[in-house]
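This report concerns only the one structure given below.
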Amino acid sequence: MPSQTYPQLNNKPVAKKVRNIYKERIKQFLSEGPYKLFNLPAVLDDARISDEEYVRLEVYSVPDLKRPHFKEAIKGTFRPARKGESFGPSWSTHWFRIHVRVPRKAVWLDNKQLEFHWDNHNEGLVYNTEGLPLQGLTGDDERPVWPIPNEWKNGEWHTFYIEASCNGMFGNGDRDQIQPPDPNRWFVLSYADLVAPCHDARALYLDFGIIADAAIQLDQDSWESNVALKVCNDVMNVFDPEDKSTLKKCREFTKSYLGDAIDSPEVYESGQKTFVYAIGHCHIDTAWLWPYAETRRKTARSWASQLALIRQYPEHRFACSQAQQYKWLKEEYPDLFEEIKKEVKNGKFNFIGGSWVENDTNMPSGEALVRQMLLGQRFFESNFGERSVTYWLPDTFGYSPQVPQVCRGAGMSRFLTQKLSWNNINNFPNSTFNWVALDGSQVLCHMPPADTYTSRVEFSEVSNSLRNHKNLEQDQTGLLVFGIGDGGGGPTAPMLEKLRRYRGLSDTVGLLPRVKMGHTADEYFDHLEKSTSEGKDLVTWVGELYFELHRGTYTTQSDIKKGNRESEVLLHDIEYLSTLASLYSSHFKYPKERIDELWEIVCLNQFHDVLPGSAIEMVYDDARELYAEVAKKGAKLVKEAAEALGLSEEPTTNSEIIAVNTLPWPRQEILAVPSSAVADGKSLSQKLADNSQSQYVVMESAGSGLSKPIQGFKATAESAATVIESKPGVFVLENKKLKVTIEGGVITSLWDKEEDREVLTKGGKANQFVIFDDKPLYFQAWDTEVYSLDQRRYLSGAKVHIGETGPLRASVIVELKISDNSWLKSTISVDACIPPSSSVKGGEPITTLSYVDITTEVEWRENHKFLKVEFPVDVHSDVASYETQFGLIKRPTHFNTSWDVAKFEVCCHKWADLSEVTYGVTIMNDSKYGFATHGNIQRLSLLRSPKAPDGHADMGHHVMKYAILPHKGTVNSEIIRAAYNYNYPVRTYFGPKKTIQSTEDILSSVSIDDSTNIILSNIKRGEDDEDTSLGDLPVKSGKSVYLRVYDSMGGRTKATISTTLPVKKVCWSNLLEDEKEELEFETVKINKKNVTKIPICLRAFEVSTVKIQLA
Ligand SMILES: [Zn+2]
């Protein structure tokens, strides 16, 4: 039935809106531009004051860039300060004492929440007069508002403090944030105001922003977009800056689009299906464009802000990782830590991640990865009563293929990352998937589809959480990880407000995926498990998550890499010696607290911007100091344990020189020892060319334990190492197995005498140094780009001369000028091939592999150059092998696909190998991680010279060792052992002849028999034994020893652990030392000694832990 009132005549023409004009118009409403006074920004405050009658400022500028805590700082001398003043220089700290008085006028007294606004363009932290941190403040309008207590409306003066640090969120980069810091930045205090906000205007501001985004970003043909545009224009038509009552009418329009529930958390209770799980987060780089000392404060600032928001927004859940940061907070801000503990209990502040820091996973050793977890999980468990179940590494530069296995061993079955979305060659094809390790272990992995772990809750990020999801077939949800990050910060109140509005919008008009709050990241993974039949429906990704960017990080900051490798080796030795000393010497207490301290340092420096080399110079000054501390304190620990075992560093009466082999297999080494120690003339020795006070001797050990000089053996022409200048400028190094020809400073021939073949390609030059231009697109310290390979220069013009002349070691020294400022000296040597002495012959064979050892010393002062060394070998294979944690990884040697091209520079540990079935060449190293195998060229990366963010990265003197190890057959366990030997030098001591046998017996208490593939990589005492516990977790009765064992070659293997320790019980344990299934064992008498045999079996590339409970 037609309407009776529909008019017959129409004299009022109505235009169809010209869409693009009306769309442009809506941008004016929130703009600070020329029409500011006529639009919403004009009415955001009801009142704002900063004059001295109501706001008084005093400041104490801390001298010498010190960072005192509250109690000390408030004793400083404060002087009056004012708005508009500048504070600096970079990294200095200024404590403000602020007094405010609220005017006794209705506009102030009737306001439901007054605010203090502060912008010093740097980072601040608000404290109450008791010294409790209340909330962080960040400059440049990022977090400028501190809501003041309502009790302050009483007309009295009230006082609080702001600690202001003269750095931005991203440090003090000179113009560009990743440039080295400008040491002289000053920061203007732009405002310090008392504000009575107009709450309706603020709410409308947020409403309008979102509806405007909907108008602009939603499908332009959709009714949802068209209605959004109409709502925005209706609001602008009604709004009158002179009449604030129009704000209510405006909000009626906006609520027609966003729904009525957006002003409370009830908006999330519509019961409709959720697609986006939003979780608050704050990524705080433990050091990056600022030093560790600043991170301690960033943590307090960021987390205090989150506690305040948790109280204000009941739906807010905040996840934060890195046990180290929690520990700092506990030490330096104990009251704040207690507050956090309460919210952890309430389920609102969620610790996550399980590791000590968000570590690099490419370079740390297997044991170091384990220790990241052990330290992290133990901290969480002892402080919060629980462990983390999710490994959290959004920002790390690539992920080792053993990470899933280590996670599972450390109680974590979930993994979150994001960084692969930065790949600059191939698009990673998954968002939610099962990630499978070398041994087959899996974790449920999620990469937030919004491609960020620092979402600012933009409209597009919410929408991408579904649109950009790559596995919608299996699951239709994504995690939105929001909050200001990298430099800390975390979610802000406007972000939480916006999320409520997004949800309201989805429920009211649809199109935008529905957001949910009030759940934890763990609960999101619970959902994923449920929705994918416990992961069975998910696609898999097997092996390394190679990051196709930041490939320079395997090389940048060479001495930090060396510090890492050396510290890991030192800690291995400390634990091995201390474990045995604690069991056999009644005076020796296992120094767990001191060992933990060193592991904490090593794990801290493995943070994903420290070990990779992407931090500023200040960070490396600290990191170098920390490694020096590890070396010094570690040496003391080794000395104490050795002394407890009857060994001393100086000769005593009736003592003899010996060496401790801390690896669990027999080995022979040529070692420089004091000449006086081998003065008896029984040992074969050779004076060092440069130092007559020392001599080379051949040391040999029958297994882990003591090495002794081989006696009664004379080098023959056949066994000795020799060197000659065969023609002018042509040098020949030779031993029984290898003949090395050096001409023009490079190795022109490497002849394998046993296999009767040339190792190098025809015309190939090995130990050839190459300089590549190295000018990546932007991230200098991080990246080396594929085009760098096209711009190369071979170093030539060497001066060559003979070094050592044999019979134990012979060498040739090559000296090269790199440029006017840089040079290098490379010592190429071979050792004598001494047959193993009879004492060892009966047991397990000693590795008799021979290699060309090279020590290269470099004085490096270059700009944007990359120094590498090449080895062209006569070996053809489409894959090369590289050592990784607890195993090896194979990668292509060709560029068939873009995925192969992307791996033009990769990470290795102690060795990289190129083998055919019959023959291969391994390149070992003592401190390097960057490698490439292109066809038949093996190339070790040595030094880079980026100028940002550290303007002096790698400048200076370096010494590095590497070796060419040719071998019959493919890579095998002998090579694994050789590379261990190369990195774990034997330690020389003097021991009394009387007790040396008993020391030897103790040191060889544990070994692995019946398989050379299974490696006993670490021995340590239990964390919670009666005599080792620090009381952080419940004590377990008795004493125990833990053995870390892994299959190194990739095949199910049986082996036997043999031990002379008094065994009561044996069981498997996980990496966190929880007991698992019991293992059977048998104790038998061998040579009057009780030897316990424990049969074990490991699957391919499995790492496991055996707990021996001692009787
Ligand atoms: Zn980061």
Side-chain angles (χ1 to χ4, degrees), residues 123 138 167-171 173 177-178 279-292 294-299 301-303 318-326 328 351-364 372 376 390-400 403 415-423 447-448 450-456 481-491 521 545 547 549-554 556-557 560 603-616 618-620 622-623 778-783 948-950:
E123 291 194 86
T138 316
N167 54 266
M169 262 315 203
F170 290 90
Q177 70 180 34
I178 68 156
I279 180 89
H281 177 54
C282 165
H283 186 72
I284 309 179
D285 285 317
T286 301
W288 179 31
L289 303 174
W290 53 87
Y292 288 132
E294 194 54 44
T295 306
R296 293 165 182 253
R297 303 201 294 192
K298 280 178 179 286
T299 309
R301 289 194 283 260
S302 306
W303 296 359
F318 177 69
C320 215
S321 61
Q322 314 202 63
Q324 169 72 85
Q325 295 181 3
Y326 286 84
W328 282 339
F351 64 89
I352 200 159
S355 53
W356 189 244
V357 294
E358 285 189 18
N359 55 290
D360 177 71
T361 78
N362 286 315
M363 291 171 277
Q372 287 284 352
T390 306
Y391 192 25
W392 185 273
L393 286 185
D395 191 29
T396 293
F397 312 152
Y399 307 88
S400 143
V403 165
F415 181 61
L416 181 128
T417 179
Q418 186 277 315
K419 201 75 189 179
L420 294 198
S421 66
W422 285 37
N423 277 3
M447 298 196 191
D451 283 350
T452 175
Y453 54 86
T454 57
S455 164
R456 303 226 167 194
V481 180
F482 72 95
I484 298 163
D486 292 332
L545 290 175
F547 181 37
L549 203 70
H550 296 1
R551 302 167 186 86
T553 59
Y554 316 139
T556 310
Q557 300 286 1
I560 296 303
C603 288
L604 170 63
N605 277 350
Q606 287 174 347
F607 177 73
H608 65 254
D609 281 307
V610 181
L611 181 56
S614 47
I616 56 171
M618 267 181 177
V619 173
Y620 293 110
D622 291 345
Y778 175 65
F779 290 105
Q780 295 186 19
W782 293 258
D783 292 347
D950 174 357

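Numbering of ligands and ligand atoms starts at 1, following listing order.
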Side chain to side chain, W782 and L549, heavy atoms closer than 4.5 Å: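 W782 does not reach L549 side chain to side chain.
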Polar contact flag, side-chain donor to acceptor under 3.5 angstrom, Q418-D451: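 No - no donor-acceptor pair under 3.5 Å links their side chains.
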Short side-chain donor-acceptor distance under 3.5 Å, W356 and Q324: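 Looking only at side-chain atoms, W356 and Q324 do form a donor-acceptor pair, the distance falling under 3.5 Å.
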Aromatic ring pairing H283/H281, orientation class (parallel under 30°, perpendicular over 60°, tilted between):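 H283 and H281: tilted rings.
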Atoms of the protein (N/O/S only) found under 2.8 Å from the Zn ion (ligand 1):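 Under 2.8 Å from the Zn ion (ligand 1) - ignoring waters, which are not counted - the protein N, O or S atoms are H283 NE2, D285 OD1, D395 OD2, H608 NE2.
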Proximity of W288 and H608 rings by center, below 6.0 Å: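 So the answer is no for these two rings.
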is_close_aromatic(Y399, F415), centroid dist under 6.0 Å: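 Centroid separation for Y399 and F415: below 6.0 Å.
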